[in-house]
Amino acid sequence: MNKKIGNLFKGDKVIWMVFFFLCMISIIEVFSASSNLTYKSQNYLGPIFYHCVMIIVGVVVAVVTLNIPCRYFKLMTPFLMAVSALTLIWVLVGGESINGANRVISLLGFTFQPSEIAKGTMVLVTAQILSAMQRDVGADRKAFKYIMVLLLPTAFLIGIENLSTAALLFAVICIMMFIGRVPMSQLLKLGGGITVAVVAFLTLVLTLGNIEQQREDESRLTETVSADGDEEAGKDAIKGGGVFHRFATWRNRILKHFNEEEVPPEEYNIEENFQVGHANIAIASAGIIGKGPGNSTERDYLPQAFSDFIYAIIIEEMGIFGAAFVVLLYVVLLYRAARIASRCENNFPAFLILGLALLLVIQATFNMMVAVGLAPVTGQPLPLISKGGTSTIINCAYIGAMLSVSRSATMKKPA
């Protein structure tokens with residue numbers, strides 16, 4: 001029996017242990033943080049039952065993926081690229097809106113986020129290009145061009161509705177190119193281009209975002225005025241602002257984060273800073289050991305306590321030690337991926353496992369920085385912990401691919 005279980009759960013044992021602990025923390029904290037969902041649905045076990053099913057499905061996906069030799073992942077690339085391109089366009093045209101942005105597609109009763117598929121596909125493609133174009137002095141200069149030809153349109157399609165995910169993907173691919181020894185001159189030029197693009201983007205957001213905010217305010221007024229009159233006029237007024245409809249949201253988040261004005265507690269407007277305010281309360285009330293699992297109070301106020309701000313609930317319930325343990329799990333995951341990559345004889349599995357680990361760990365870093373107030377609100381869930389459907393299953397597939405590399409990649413012989 002033990003031998004059969006060992007054959008099923010093959011691959012690096014450390015990655016398996018990290019995966020196990022993250023899943024256990026996820027079940028405990030999502031169960032605790034889903035009080036709003038249980039209240040609205042009047043179903044106490046419904047949300048956590050759904051989440052447990054997603055984790056079980058994710059584990060099955062991970063086991064199936066780890067049993068695929070990593071060389072076969074290359075064969076899946078054209079298919080995944082086609083699916084990513086079609087679904088990213090589809091979600092912009094006919095996707096369902098979540099928090100004011102088209103991010104999910106509904107198909108056969110299921111919803112999924114195309115950006116989750118596109119992220120992993122882009123890491124897979126980058127790993128192939130870097131491995132195929134390695135030379136004695138580093139990557140061929142053409143590798144940079146090939147990667148950018150694929151990355152820029154992908155990041156653009158994602159960034160229209162989900163800017164933080166596009167930024168996350170861009171950061172991961174840039175780090176992969178650095179590790180893949182892309183010529184430093186090309187990376188420096190890219191860095192300069194990114195700096196110019198960020199300055200131009202911030203200028204547009206701060207300018208057009210203000211205009212869009214005024215339009216939204218006028219739309220709400222028009223909707224109110226026309227409620228008992230011309231219904232069509234009200235509908236026309238509240239239609240979005242085209243491609244710029246997210247600018248007002250981005251502008252507000254940036255201004256709120258970089259506002260350094262000292263506000264006395266009695267004058268703090270928690271209604272205008274709802275999520276950040278209650279996240280800060282959760283963290284401030286945690287102490288060293290926290291309130292204990294299931295004893296959070298701020299979960300009843302944070303609308304995304306089970307997703308974007310679950311790290312604040314983890315701190316509130318598990319204290320500083322629990323929060324540090326979660327950080328340690330992601331650090332160990334990245335360290336273990338680097339160790340396995342350093343032993344790989346072939347370049348492709350090494351780049352693949354590093355890229356997937358970076359994808360998970362950098363996203364986790366974004367989420368935790370938002371929760372503790374070190375970054376503007378981005379809407380990024382905490383990988384393998386936050387409640388989710390598509391994201392949970394695909395993140396488990398990433399873990400499966402990492403385990404596949406650890407299991408089947410040819411290892412260097414010790415000197």
Side-chain angles (χ1 to χ4, degrees), residues 15 65 70-71 73-74 76-77 80-81 84 115-159 164-195 197 330-331 333-366 380 383 394-395 397-406 409:
I15 293 179
T65 306
C70 61
R71 63 181 180 274
F73 293 144
K74 296 180 180 181
M76 302 167 60
T77 303
L80 290 174
M81 289 178 64
S84 298
S115 61
E116 295 294 328
I117 300 174
K119 288 190 301 182
T121 301
M122 195 63 226
V123 168
L124 179 61
V125 171
T126 303
Q128 288 190 54
I129 294 174
L130 290 174
S131 63
M133 306 193 73
Q134 283 295 305
R135 306 291 182 262
D136 292 337
V137 295
D140 191 294
R141 297 184 68 86
K142 293 181 180 178
F144 175 81
K145 297 178 182 179
Y146 294 151
I147 292 171
M148 296 308 297
V149 165
L150 295 171
L151 175 61
L152 290 177
T154 302
F156 175 76
L157 289 173
I158 295 174
S164 60
T165 298
L168 164 68
L169 177 60
F170 215 100
V172 170
I173 300 303
C174 287
I175 296 174
M176 287 185 68
M177 287 193 291
F178 177 77
I179 295 172
R181 301 189 300 167
V182 167
M184 189 58 64
S185 60
Q186 292 180 314
L187 293 179
L188 290 175
K189 289 178 182 178
L190 177 61
I194 291 174
T195 302
Y330 288 110
V331 172
L333 181 66
L334 182 59
Y335 173 76
R336 197 61 187 173
R339 288 278 295 174
I340 294 169
S342 69
R343 301 200 311 268
C344 287
E345 186 176 63
N346 300 318
N347 289 319
F348 171 68
F351 290 137
L352 179 61
I353 192 172
L354 277 175
L356 294 176
L358 286 168
L359 199 59
L360 294 171
V361 173
I362 293 177
Q363 181 175 330
T365 303
F366 275 13
Q380 290 293 324
I394 293 181
N395 286 336
Y398 296 162
I399 292 292
M402 294 172 64
L403 289 167
S404 174
V405 171
S406 72

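Here the structure is a predicted model, which is why all the values come from computation and not from measurement.
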Trainee: Between Leu124, Ile129, Leu130, Ile353, which is the residue that forms a side chain to side chain contact (heavy atoms under 4.5 Å, CB included) with Phe348?
Mentor: Leu124
Trainee: What are the two closest heavy atoms between Ser164 and Phe366, and how far apart are they?
Mentor: O-CE2, 4.2 Å
Trainee: Rounded to the nearest 0.5 Å, how far apart are CZ of Phe170 and CD1 of Ile194?
Mentor: 4.5 Å
Trainee: Got a second to check how far Lys74's NZ is from Leu352's CG, nearest 0.5 Å?
Mentor: 10.0 Å
Trainee: Starting from the C-alpha separation in whole Å, work towards a yes-or-no answer on side chain to side chain contact (heavy atoms under 4.5 Å, CB included) for Leu358 and Val123.
Mentor: CA-CA 10 Å; Leu358 286 168; Val123 168; over 6 Å; no
Trainee: Between Gln363 (side chain only) and Gln380 (backbone N and O only), is there a donor and an acceptor less than 3.5 Å apart?
Mentor: no
Trainee: Using residues 173-183 as the side-chain source, report each donor-acceptor pair under 3.5 Å to any protein atom, sequence neighbours left out, with the distance given to one decimal.
Mentor:
{"unit_1": "Arg181", "atom_1": "NE", "unit_2": "Gln134", "atom_2": "OE1", "d": "3.4"}
{"unit_1": "Arg181", "atom_1": "NH2", "unit_2": "Gln134", "atom_2": "OE1", "d": "3.1"}
{"unit_1": "Arg181", "atom_1": "NH2", "unit_2": "Arg135", "atom_2": "O", "d": "3.0"}

Trainee: Out of curiosity, Gln186 CD to Leu188 CG, how far, rounded to the nearest 0.5 Å?
Mentor: 10.5 Å
Trainee: Please report the interatomic distance CG(Leu169) to CD1(Ile362), rounded to the nearest 0.5 Å.
Mentor: 10.0 Å
Trainee: Please report the interatomic distance OG1(Thr77) to CE(Met122), rounded to the nearest 0.5 Å.
Mentor: 10.5 Å
Trainee: Give every donor-acceptor pair under 3.5 Å between a side-chain atom in residues 145-159 and any protein atom, sequence neighbours left out.
Mentor:
{"unit_1": "Thr154", "atom_1": "OG1", "unit_2": "Leu150", "atom_2": "O", "d": "2.8"}

Trainee: Taking all atoms of both residues into account, what is the closest heavy-atom pair of Ser84 and Thr121, and its distance?
Mentor: OG-OG1, 3.2 Å
Trainee: Would you sort out whether Cys344 and Val405 count as a side chain to side chain contact (heavy atoms under 4.5 Å, CB included), showing the intermediate values?
Mentor: CA-CA 9 Å; Cys344 287; Val405 171; 4.1 Å; yes
Trainee: Identify, with sequence neighbours excluded, every residue that meets side chain to side chain contact (heavy atoms under 4.5 Å, CB included) alongside Leu360.
Mentor: Leu333, Pro383, Asn395, Tyr398, Ile399, Met402
Trainee: Given 3.5 Å as the limit, does a donor-acceptor pair link the side chain of Ser131 with the main chain of Ala127, or not?
Mentor: yes
Trainee: Identify the heavy atoms of Gly355 and Val172 that sit nearest to each other, and give their distance.
Mentor: O-CG1, 3.8 Å
Trainee: May I ask you to check whether Ser115 and Thr165 show a side-chain donor-acceptor distance below 3.5 Å?
Mentor: no
Trainee: Rounded at 0.5 Å granularity, tell me how far CG in Leu356 sits from NZ in Lys119.
Mentor: 11.0 Å
Trainee: Pair Arg141, Ser185 - check side chain to side chain contact (heavy atoms under 4.5 Å, CB included), show working.
Mentor: CA-CA 10 Å; Arg141 297 184 68 86; Ser185 60; 3.4 Å; yes
